[in-house]
Structures are given as structure tokens and as C-alpha cells.
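Below: one structure, written as C-alpha cells.
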Amino acid sequence: MRRNLRRIAVPQQASSVSRPYTFVAPVRGWITNENLANSARGGALRLDNWFPTQTGIRLRGGLELHATIGAVPVEAMFTYVSGSTRKVFAANETDVFNVTTPSSPSTPPSADISSQTSGYYSAAQFETAGGDFLYIVNGADEAQIYDGSSWTAVNSGSTPAISGVTTSLFSHVWVYRNRLYFTEIDSTTAWYLPVDAVGGEAADVSMAGVFQKGGSLLLGGTWSLDSGSGLDDKCVFVSTEGEVAIFQGSYPGGDDWSLVGRYDITPPLGKNATMHAGGDFLIATKDGIVPISQAIQKDVAALSLAAISRNIESEWKSEVGFRSSLPWEILKWPSYNMAIVSLPVVDVTTPARCFVVNLQTGAWARYTGWDTRSMTVHDDQAMFGSSDGKIYKAEVGGSDNGASYTCTYVGLFDHISSVGATKVTKLARATFLSGRPFTPQISASVNYAVTLPSAPGAYVDSGSSNKWDIGKWDEATWSGIGERSAALKWVGMSAVGFTFAPQVQVTLNQTGLPDAELASFDIMHENAGVVI
């Protein structure tokens, strides 16, 4: 009699030998567009309130309340610099305030400009033989000019005066080859002034025969093939529909003025959502941050592949879907090698957050709890205005104006050199270089499902001095302020899966600026065979 025989798959025998594996710090930053099963090392699936550096990721700093201008949104911020005179201004819908040195951070100062009908300004500083001047325009009220001591509404009878056009039509202002240029609100016309002048007879230049998709002229700027200002500078005009017209030459009335070309991008997210990087002109659009140097080379359908924000494309488009009803902004902060992209809070259900990027490496992260309606850099300090009328200094101290915040890192999933094999973790350690105390919490997610434990309690800086590698991991705090040292202590961590993502959470509420950088995340694991 024959017996029915079945072939039985025998799992690979588990190994009892513990092996080390290192997850390198995510210097590539936040990545949302890579294959989960085949991601390159050095990226993060989630990176909240960490900033990627060239050597690791550091805990972000906090916020400090600087000024208050009321209970309505701060719609614009701008600065004036002339010699030792440095001032910063903030605007809401009706007023403009000097917030350089407020007497109290919680009491609104007297307004410098009142009875306006829009607070969404564009600003440009311009130097002439007569001094340094700051122009602001909003497309609703007469243009305003600041001379270092007072503001003047500019019209045909003011000093300085502009004739030939009503300045309340000016919506955006920029400088090109020693001339001030202005876009006209809801129009395809731009205006420009005489060379080296802040007043005079304005002349117009029309984009009506250039733009082909309708809409109106939204913003302008300069683009260069090098990193400075020179004869190769080109003047860029951008429409609300994403059409880009590029001209070269001295000025529209000159013999050398000519159209270089017309190109398409997706619609821009605001007239202040631009940034210069070297000579390139970058514009935040619905598909991401697009350099003009790429817009002239690629079809609009392929531009997202060349966007500076390519690594977070899915998150970028998701935020556009929620927040495009209000204008976005980009702030360049060179001393921190950082650019900040505002994500405006449109209603009470919209979480306060912003995108940040390392200007040197192009690595992205997300900051939560920052309500960045408008932004500027004053005296080398990044500042932003919120949707409830407050102005904060950024990356100051270790709390968000007294409130705690949690820094969360989830690495990209990794098969740990054994694709498909089940692994069991035994020990783990997160290696930091730190000069200030904090309490880290480490864990891991498995099999492409992110599961984070509850955030740890906030560490409050009380001056304790437990040593980093001597105190117990989740009980002691480590100080040695000013002396960076490494964490080398292993802790128990049990996780079972075929692919792993390291996780680190730190909750901060301290006086001083956090000084800690994650360098690596190590585990000890055993292979448990292939699950059939």
C-alpha cells in the first residue's frame, strides 16, 4: 500500500549568535519617495523636530515670544538695514508695526502705518545716492516707502513721487539692474522706475502677448548663471498660472531688451514663496520648489523630478491640498544653513507645522508646533509671525515659549543584510554627541508598520549633573554642558520581524538651546530563520 507523502518546507535553523548592525544617522533627511523594501541608507521615514546636518541629525531649538501685534494673523514681515540701523516690521490686515524692540512681548506697540486694507505685502530694499529705502506694496493701498526714520505713502504728490500709475495697483516689488519693478494687481502689466531712483515717471511693460494661459502677473525676480549680480542677470516674470517669461537686457525700453523664452511650471504658491540660491531663482509651486534653471530645460510634467523638494514630494502635495487657500513663503536663513517653508494654518483643524531643508545637503525635515504665517531674518535671527498675531524668534532655547515639544525620528526600513529572514533584536543603543542634558527614548518598528510608543516625558533642565554613561538610561539625565560626549550604553530592546526601522523620541522643555546630535543607532540581533 502506497502512502501519500508531503514535502515539508523546513525553516532555516535559527542562529543563536548575536550580530551587531548599525543604522547610520539620516543625513539624507526625510524621504517619502523611495521603495520601502529597497531604500538607500541614511534616510528617515519620519523626521519631526530634528534638523539634518552633514554628520547626523540635531534636536531643533525652541521658540521665544518676541512681540504681539493683535489677535489677527501676521500677514507679512520685512526688515530694513542701513549701516548700524536695523529694524524689523510686521503687518496685519490694517496696520504695520515696528517690532524691533517692543516694550513688552505681549503688548502690541503703536502702529507706524494704520487704516490699510491688506496686510499681505511684498518688500524690497533699494539703495540710491540719497540713502537706503524700503518699499512695501500690497495691491490694495498706496505703496509705502521707509527712509530709516519714517514711512511715506507714495503717490503723484508725495516726496518721493511716482507718476504715470496709481501705486495702490502695485502688488509685488523687486530690483533688477538698479531699477525698481512692480507687478500690477490682477493684470499682465509690470511697471518700472528710472535707474537708481525711488520715484519718477513709471513706465509699463506688458506680458499680454507673452503669457498664453490667462491669469495675471503674480511676481518677478532675477535669475543669473552665476552667484552674483552682473550683465548676465535676467529678469523673470511669473504668472498665477505658472507661466514664466524671461527677458535679458538693461531695461524694457532699452535696445538690448529681448525675450529669452517662455516656460511652464505649475502655479506658484504665493508672491513671497521664492528664494535665491546662488544665482538661481527658486519658486515654490504646487509640485514643489522649482529652480528656473530646470524650468527652462524640462517639460512641466517632468519638473517634479527636478524639484528641490523631490524627496518629500508626496507630503508636499498633500500639504498643498490642505493649505493652498493661503499664500506660502520661503525663508532663507544662511547662518543656520537652513531654509524654512511656511505651511499656513488655514483653520482650527490645520496643525501648525513647516518644512525645513539643509541648504548645503538638500536634506529635509518637518518642524511641528510652528505657526509660520509670515517670516523674515532680522539681525541674523529667523523670526515668524503666527495666525494669532504673535511674533516668535526661531531656534531659541529648549521649549516652544514654555511648552514642551517632542523630536521624533523613524528610520527607513532595513532588512539588516538578510532579506526575508526573521530577526530578533536583543539590545540597542542610540549614539549621541551631546553637550546638554536630555532624556532619549529608543524603540523600533517592524515589517513596514510604524508603531511609536507614547512620547517620553519632558526633561526640565534643573542643573543636575548625572554623567552620560554612568546613570541609568531612562532615569538619569546627562549634563556636562559645553563638553560634547558620546552615549555608548546598550539597553534592552525586544523586537521581532524581517525588516526594522529604528526610532528615537526626545521631549524637551529646558531653558538652554539643546545641543545633541544623533550619530548612529546600533542593535544586536539574532537570525530566527525564514517564516513559512
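Note that this is a predicted model, so its numbers are computed, not measured.
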Check your understanding: Thr350: what forms a side-chain contact (heavy atoms from CB on, under 4.5 Å) with it, not counting sequence neighbours?
Key -> Arg323, Val345, Val346, Asp347

Point to revise | Donor-acceptor pair, side chain of Arg366 and main chain of Cys354, under 3.5 angstrom | key: no

Check your understanding: For the rings on His276 and Phe281, is their centre-to-centre separation under 6.0 Å?
Key -> yes

Check your understanding: Thr240 side chain to Ser216 main-chain N or O, any donor-acceptor pair under 3.5 Å?
Key -> yes

Point to revise | Short side-chain to backbone donor-acceptor contact, Ser520 and Ala25, under 3.5 Å | key: no

Check your understanding: Between Trp223 and Tyr176, is the ring centre distance below 6.0 Å?
Key -> no

Review point. Taking the side chain from Ser386 and the backbone from Asp371, do they hold a donor-acceptor pair closer than 3.5 Å?
Key: no

**Study point:** Asp256 (side chain) donor-acceptor with Ser250 (main chain) under 3.5 angstrom
**Key:** yes

Exercise for review: Only pairs at least two apart or in different chains count here, so list each ring pair (Phe, Tyr, Trp, His ring centres under 6.0 Å) that has a residue in residues 338-378.
Suggested key: Trp30-Phe355, Trp316-Phe355, Tyr367-Trp370, Trp370-Phe384

Point to revise | Flag if over 12 foreign heavy atoms under 6.0 Å of NZ, Lys332 | key: yes

Review point. Ignoring hydrogens and geometry, is there a side-chain-to-backbone donor-acceptor pair from Ser324 to Gly321 under 3.5 Å?
Key: no

Practice item. Might you work through the side chain to side chain contact (heavy atoms under 4.5 Å, CB included) test for Asp48 and Cys407, ending with a clear yes or no? Key: CA-CA 6 Å; Asp48 288 348; Cys407 307; over 6 Å; no

Exercise for review: Could you point out which residue of Phe126, Phe89, Tyr146 forms a ring-ring contact (aromatic ring centres under 6.0 Å, His included) with Tyr80?
Suggested key: Tyr146

Check your understanding: How about Tyr181 and Trp191: are their ring centroids closer than 6.0 Å?
Key -> no

Review point. Are side-chain N/O atoms of Glu517 and Thr53 paired as donor and acceptor at under 3.5 Å?
Key: yes

Point to revise | Sidechain-backbone polar pair: Tyr120 side chain, Gly139 backbone, donor-acceptor under 3.5 Å | key: no

